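Quick caveat, the model's predicted, so the values are computed rather than measured.
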Amino acid sequence: MMNTLNTENPIEKPFRKTGDPVDLTSESPLHPRRKSRRIMVGPVAVGGGAPISVQSMTNTLTANVPATLQQIAELTAAGCDIVRVAVPSQDDADALPEICRKSPIPVIADIHFQSKYVFQAIDAGCAAVRVNPGNIRKFDEVGPDICKAATDAGISLRIGVNAGSLDKDLYAKYGGPTPEALVASALKEAHMFEDVGFHDFKISVKHHDVITMVETYRLLASKGDWPLHLGVTEAGPAWQGTIKSCLAFGALLAEGIGDTIRVSLSAPPAEEVKVGCKLLEYMGLRPRKFDIISCPSCGRAQVDVIQLASAVTEGLKDVTAPIRVAVMGCIVNGPGEAREADLGVASGNGKGQIFIKGKVIKTVPEDQIVDTLLTIANDIAAQMEADGQVPVNSTGPVVVPIQHPGH
């Protein structure tokens, strides 16, 4: 089955294919990155040493195009590189051309059960399709056609398994969704595609348990060079899911394993992106952006540190310059931490000493601390932007140029 390219899509095609040279690479300060092959999701490189991308998924009705595009815009502003949309119905499939045409970041169609939606998604201009061979009807028959359509369009696929959708035979053989069972399922799927000559895919093997998830990805990483999509599935509410994701991703990324991530939270999708981006920053895998250092609440504090830190964080939430701001509440650690930051305050006795690059520039009453910090921080950020110290797209996608035929 051939696909018709959508010429109105602003992300031009054909997309770069696996193995094409791309200069953009990213190394971990903790461990050499695992050697994986590179695929493209639109203009975003995944694998082969490319910067680790952050994904999320819309929770709107995909057929509601304005609502879906609005949420994609919010995700983009939060730093999302790639967005996935659910396609469970014909109305959703029909909405894909407009969504792909207007989305500022690459769109992946999430498709289960109905293979016809896979072909529609490719025709619509999606940058990739998430296909679950385990629940696509008659996949043995349609699989080669899906691979041909994806090849013709120059797009990639994501395959893999979640603990909750493990094949029944493998579940029985291994006694449940063990790492060995999940990897066996993933290898079976990978071979189905590779046997027909298709290699532009990444794999995920998600589990809700942190230890099982880490062991599964470690095992899969040892079996081949596929790019890996990391995820803790059904991670839970925001606080619980954040902890699980940081533990699992941190363990794997510290070993060089992982090429793209999705933090799964029972929370607004933009919160997933914020967690994912900060996680990569703190792991040294993304350039540092705005960061706040604040001391814990304790009996030494002479100001309301919780309120003070919250007010400063809220006031600077839109700052993208790599400024480190220290909000300290006592004289024990306060001056030292404040001196180490770009901007800081050491509070006590109803006043605050304001530091810039380690030097006290003024002392202000307690009720002026927040306004003073916000004013100075914004001035510093503006100067950094003027000096070219804030990268373009510093809150958004890590993209690479596309080489078009004839250019």
Side-chain angles (χ1 to χ4, degrees), residues 36 39 41-42 44-47 50-60 62 68 71-72 74-76 78-87 103 105-112 126-132 156-165 182 186 201-210 212-214 216-217 220-221 226-238 240-253 257-283 285-286 396-398:
S36 62
I39 66 170
V41 181
V44 178
V46 176
I52 296 170
S53 52
V54 175
Q55 302 191 26
S56 187
M57 187 173 183
T58 57
N59 60 11
T60 56
T62 303
T68 300
Q71 192 167 83
I72 291 175
E74 294 168 359
L75 290 169
T76 303
C80 190
D81 300 315
I82 300 166
V83 65
R84 187 155 45 108
V85 299
V87 188
S103 173
I105 56 178
V107 175
I108 297 178
D110 184 83
I111 296 171
H112 302 268
C126 287
V129 180
R130 191 275 191 256
V131 179
N132 190 337
S156 58
L157 302 175
R158 177 188 142 203
I159 63 174
V161 64
N162 287 2
S165 59
L182 293 169
F201 62 86
K202 59 182 180 288
I203 304 179
S204 64
V205 280
K206 297 184 177 183
H207 198 285
H208 63 83
D209 178 73
V210 170
T212 303
M213 180 270 199
V214 170
T216 302
Y217 275 99
L220 180 60
W226 314 281
L228 300 182
H229 170 105
L230 302 187
V232 179
T233 191
E234 291 97 32
Q240 176 180 303
T242 296
I243 294 170
K244 280 187 173 183
S245 296
C246 288
L247 286 170
F249 294 179
L252 291 167
L253 293 173
I257 297 172
D259 300 292
T260 184
I261 65 173
R262 191 259 172 115
V263 177
S264 299
L265 303 177
S266 299
E271 297 303 309
E272 299 182 349
V273 175
K274 292 175 185 177
V275 172
C277 289
K278 277 298 176 188
L279 170 63
L280 293 179
E281 283 182 45
Y282 293 145
M283 293 291 293
L285 290 161
R286 278 202 175 192
V398 178

* Structure fact -> For Val232 and Ala248, the nearest pair of non-hydrogen atoms, with its separation, is CG2-CB, 3.6 Å

* Partners meeting salt bridge (Lys or Arg N to Asp or Glu O under 4.0 Å) with Arg262 (sequence neighbours left out) -> Glu272

* To the nearest 0.5 angstrom, please state how far the OG1 atom of Thr233 sits from the NZ atom of Lys244. => 9.5 Å

* To do: State the NZ-OG distance between Lys274 and Ser56, to the nearest 0.5 angstrom.
  => 11.5 Å

* What pair of heavy atoms forms the shortest contact from Ala128 to Val41, and how long is it? -> CB-CG1, 4.1 Å

* Sequence neighbours excluded, which residues qualify as side chain to side chain donor-acceptor pair (under 3.5 Å) partners of Arg130? -> none

* Side chains of Thr68 and Thr62: do they bring a donor and an acceptor to under 3.5 Å? -> no

* Asked: With respect to Gln55, which candidate in Val273, Asp81, Ile108, Ile261 satisfies the side chain to side chain contact (heavy atoms under 4.5 Å, CB included) definition?
  -> Ile108

* For Ile203 against Ala186, the heavy-atom pair lying closest together -> CG2-CB, 3.9 Å

* Work out which heavy atom in Gly47 is nearest to a heavy atom in Ser36; give both atom names and the distance. => CA-OG, 3.5 Å

* **Minimal non-hydrogen separation, Gly160 against Asn132, with atom names** => O-OD1, 4.2 Å

* **Minimum heavy-atom distance between Ala78 and Ala270, given as atom pair plus value** => CB-O, 4.2 Å

